K.L.:
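Structure in structure tokens, see below.
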2 protein chains.
Amino acid sequence: MARTKEFDPDAALQKAMELFWERGYEATSMSDLVEHLGIGRASLYATFGGKRELYLKAYERYLENGVDFVGLLSQPGPVLPAIRRLVELYLEESTDPATAPRGCLVVNTAVEVAPHDPVVARRVEQNWDFVETALTSALTRAKAQGELPAGKDPRALARLLLTVLQGMRVIGKSSDNPARLRDAAEQALRVLE
Amino acid sequence: MARTKEFDPDAALQKAMELFWERGYEATSMSDLVEHLGIGRASLYATFGGKRELYLKAYERYLENGVDFVGLLSQPGPVLPAIRRLVELYLEESTDPATAPRGCLVVNTAVEVAPHDPVVARRVEQNWDFVETALTSALTRAKAQGELPAGKDPRALARLLLTVLQGMRVIGKSSDNPARLRDAAEQALRVLE
DNA sequence: CTCTTTTTGGAACGAACTGTCAATTTCGCT
DNA sequence: AGCGAAATTGACAGTTCGTTCCAAAAAGAG
């Protein structure tokens, strides 16, 4: 017994996520969002709450649509080719002029928002944990399958890869030198041999 | 034949840099700056120009007082220990709860400001070039001195280190797990052996 | 001491900010 | 058909933003 929503909340959240992704938290105003989402101001507040809550929901939406680590790394068979594909995926997104400037929303959030918002900081750290865990279990499996030398430490290697991936995203945001990140990615992969 | 300034512009710029470093560009208002610098609004504008110009000057001030790559890496004698010290310095600053949340102003700038300001982007990229060059020449010297295996590529290794260092700064901003970055740093250094 | 130049604190500017509210519209249901 | 509940609309507060302006004060040069 109510009026139906005129807009699709899912599509609106997607657009909000893209705007936050491109411009950052502080530089994106509620008026910008109202304009780009094509919905009324009050509808925005009624559906998503204030700016901070909307950002948190946009952040989660980003994670849902992001790189599928588990799907990529948990496939049966050899592990290292999957890790190579993962690194190359990050490399492409970090060097392509169309996608590099926006970087990764998690990195952007870690840098701009997390230091001033404990809730956000926890979410970001959970993501680091998640990626690290996915890489660790993949490398552990690789070691069991003989793809990784016996002396290597899967968790330590996962932590190096995690750090390199985020570093690539940062440098890609302000550099149009693909060779730089290509070399870094290649050297990072060579650690696994 | 004129009045002298009542405040020390150098000290004021230092304080402005610290405020931008801690809060970011957008989240720091001119009123915040006036308050923390202890000088009048008009003096701020007359001395440093507008907000953007002040930020650019603060950025340069940060670079002047930052890690002395050349001084660290150009000392005569073995190179690898110096590189190890450099990585450990980054590790400490990225894991110490007192310094980790503010991260590195260059990284913060690369993420928040560079994508929307070509001038800033150029400055940031110049910094990546500078660090990469310093590391490359150091590793080249290490190779000549037999510290680095003959098969290694100094520039590619420098690019990996550059990426790892920036990645550490990002993860350190939102993680209080020192072991994570310690492992990453250790594995990165192991690449040189 | 006077003139000139600069600094200074604070008021004031228009614009933009986040968030709210009453009025209106549209649906489901009796 | 008409009633109640939810959603839209547009305007509206109350701040805060970056920036400018101005009168008063201060300090070196003659």
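Quick caveat: nothing in here was measured; it's all calculated off a predicted structure. Computed from heavy atoms alone, side chains included, the values below leave out hydrogens, waters and symmetry copies. Naming: A, B, ... by sequence-line order, numbering from 1 per chain.
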K.L.:
Tell me the interatomic distance from B:Tyr25, atom OH, to D:dC17, atom C1', rounded to whole angstroms.
P.N.:
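Roughly 12 Å, once rounded to whole Å.
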K.L.:
If the condition is salt bridge (charged side-chain N to carboxylate O under 4.0 Å, His left out), which residues does A:Arg23 pass it with, not counting sequence neighbours?
P.N.:
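For A:Arg23, the residues satisfying salt bridge (charged side-chain N to carboxylate O under 4.0 Å, His left out) (neighbours in sequence not counted) are A:Asp32.
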K.L.:
Please list all pairs passing the side-chain hydrogen bond (donor to acceptor under 3.5 Å, both in side chains) test where one or both residues lie in residues 98-123 of chain B, with sequence neighbours left out.
P.N.:
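Only B:Arg52-B:Asp117, B:Tyr55-B:Thr109, B:Glu60-B:Arg123, B:Asn108-B:Lys173 qualify under side-chain hydrogen bond (donor to acceptor under 3.5 Å, both in side chains).
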K.L.:
Atom CZ of B:Phe7 to atom P of D:dA26: distance rounded to whole Å?
P.N.:
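From B:Phe7 CZ to D:dA26 P: 17 Å.
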K.L.:
Going 5' to 3' along nucleotides 9-19 of chain C, which nucleotides have protein heavy atoms under 4.0 Å from the base (write B), which only from the sugar-phosphate (write S), and which from neither (write -)?
P.N.:
BBB-----SBB
K.L.:
Between A:Leu44 (CG) and D:dT9 (P), how many Å, whole number?
P.N.:
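After rounding, the gap between these two atoms is 12 Å.
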K.L.:
Answer with yes or no whether A:Arg3 presents, from its side chain, a donor or acceptor under 3.5 Å of a partner atom in the base of D:dA7.
P.N.:
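Present.
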K.L.:
Under the side-chain hydrogen bond (donor to acceptor under 3.5 Å, both in side chains) definition, can you give me all pairs with a residue in residues 154-165 of chain A, not counting sequence neighbours?
P.N.:
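Applying side-chain hydrogen bond (donor to acceptor under 3.5 Å, both in side chains) to every pair that reaches into residues 154-165 of chain A, excluding sequence neighbours, yields A:Glu132-A:Arg159, A:Arg159-B:Asp183.
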K.L.:
Rounded to the Å, how far apart are A:Leu37 CG and D:dT8 C1'?
P.N.:
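Distance, rounded to whole Å: 15 Å.
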K.L.:
Write down the distance between NZ (B:Lys5) and C1' (D:dA25), rounded to a whole number of angstrom.
P.N.:
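Roughly 16 Å, once rounded to whole Å.
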K.L.:
Provide the full list of side-chain hydrogen bond (donor to acceptor under 3.5 Å, both in side chains) pairs with a residue in residues 142-153 of chain A, sequence neighbours left out, each pair given once.
P.N.:
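Checked against side-chain hydrogen bond (donor to acceptor under 3.5 Å, both in side chains) - neighbours excluded - no pair reaches residues 142-153 of chain A.
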K.L.:
Tell me the side-chain hydrogen bond (donor to acceptor under 3.5 Å, both in side chains) pairs involving residues 67-88 of chain B, sequence neighbours left out?
P.N.:
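Qualifying pairs, neighbours excluded: none.
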K.L.:
Expressed as a whole number of angstroms, how long is the span from B:Glu53:CD to D:dT20:P?
P.N.:
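After rounding, the reported distance stands at 10 Å.
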K.L.:
Donor-acceptor pair, distance only, cut-off 3.5 Å: does the side chain of A:Ser94 make one with the backbone of A:Leu91?
P.N.:
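Side chain of A:Ser94 to backbone of A:Leu91, a donor-acceptor pair under 3.5 Å: no, none is there.
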